[in-house]
Undergrad: 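Starting off with a structure, shown below.
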Amino acid sequence: ASARAREARAAMLPQAAIETLLAYQDFDYTDAFGGGRFPILGAAAPLLLGGDQFAPDSVTRTDRFSVTQPLFAGGQLRAAAQAAGFLAEAEAWRREETAHEIALEAEEAYYDAVLAGSLVRVANASVDTFQRLFRDATELFEAGAVSRYEVMRTETELRAREADATAAVNARRLAHMRLRSVLALPQETPLTLAGTFTGSLPEAPPAELAAEALEARPALKALRQAQEAADANIRRARGAFLPEVGASVEWTHLDGAPAITPDGWRFSLGAQWRLFTGGQRRASAAAARAEARGLSHELREAEQLIELDVHQAYTRIHDAAAKVRGERRTVELAREGLRMAEIRFQEGAGTQSEVLEAELALTNAETSLVQALRDFSVANAALRKATGRPPLAD
């Protein structure tokens, strides 16, 4: 787009050219003056025409240097250059919008990888706990304190937790694959995730964030520049109805041409006014106006969608934050419930089933917590993108 803008500006500048032409022609001026049918006239032609000054050589050479400059084109050239410049700026803003989209995709892939790693740790911790419970149940069974059913149930839950751990490892592997793909890294590149979930509640209200987005979003800036280009294109189409004026300077040198052929400098000034083009200019102007109206509707629709993006991201942040608070409380209760179930079991007041249920409740609560933390972090990244802020600004 930048190259097209330079190309459009070049049309307003002088155009210089150098031309060399070599020509061969078989010409006999005596035959041209009737030498075949009127020999006397052909023989007298050199005397009548002043010798060979009218006769060109068999080989002639023409050297020409010219400079042309459009003086007035109804504003078409200037409007075309302005339109191309606006389109180049629009493409630059679209590139920035694309960069923000890629950054959001990278953040989502990163948080998904962090989530997968957290779920692996939760699953492994659950396996460790159920292995301990299985050993305890086996020892109690051998001591005659519990039935074979308790051992079998504990072992069943252990195998299920081992399967969950395997699935979590596979999910982490897939998450790392996607993260490498987003970062354009070879799939064999080792990854070590150094961070964790991040984010904070927005301090500004949704209306203020939406107003910020309408000013800062690169996508809207791109559409506004495209609309400026469309307005310039309308001016270009209108300029086609006006006359065009141009000037040129030309220097010509002739070698081997007849002596009376003029060469040297030539200065020209010309004008042209196209009166009828079959409706082409009118159709071009109508198309330019229609394009401008379409961009105006597209801009209004984009503004509405961006406001919706901001409000949705704002809502998701608060929903995720509330869920994080709730899941943290659930984890605390689940840990306390597991502690009490283990005490009851050790004192003989509880059963192995109660301990298993408490452990499962803790595993589920921890899984839900890390999922909520992931959602909270992604919602923060989405709000940054929706408002047009630079990625990872906080």
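These numbers were taken from a predicted model, which means no experiment stands behind them.
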Undergrad: Regarding R316 and D319, does a basic nitrogen lie under 4.0 Å from an acidic carboxylate oxygen?
TA: no
Undergrad: Can we say E303 and R224 salt-bridge, meaning some charged N sits less than 4.0 Å from an Asp/Glu carboxylate O?
TA: yes
Undergrad: Listing request: all ring-ring contact (aromatic ring centres under 6.0 Å, His included) pairs with a residue in residues 280-330, at least two apart in sequence or in separate chains.
TA: Y314-H318
Undergrad: Between T330 and G326, is there a donor-acceptor pair closer than 3.5 Å when you use the side chain of the first and the backbone of the second?
TA: yes
Undergrad: Do the charged groups of E91 and R94 touch, with an N to O distance under 4.0 Å?
TA: yes
Undergrad: Might you confirm whether atom CZ of R282 has over 12 heavy atoms from other residues, nucleotides or ligands at distances under 6.0 Å?
TA: no
Undergrad: Give me the other members of the hydrophobic cluster that F86 sits in, counting Ile, Leu, Val, Met, Phe, Trp and Tyr linked by side-chain heavy atoms under 4.5 Å, directly or via other members.
TA: none
Undergrad: Does either side chain, that of D375 or that of Q371, offer a donor lying less than 3.5 Å from an acceptor on the other one?
TA: yes
Undergrad: R281 side chain to R274 main-chain N or O, any donor-acceptor pair under 3.5 Å?
TA: yes
Undergrad: Give a yes or no answer on whether the side chain of N124 reaches the backbone of A165 with a donor-acceptor pair at less than 3.5 Å.
TA: no
Undergrad: Give a yes or no on whether the backbone of A10 and the side-chain of Q15 come within a donor-acceptor separation of less than 3.5 Å.
TA: yes
Undergrad: For the pair E155 and R148, find out whether any cationic side-chain nitrogen is under 4.0 Å from an anionic carboxylate oxygen.
TA: no
Undergrad: In terms of side-chain geometry, is the basic nitrogen of E97 or K221 positioned less than 4.0 Å from the acidic oxygen of its partner?
TA: no
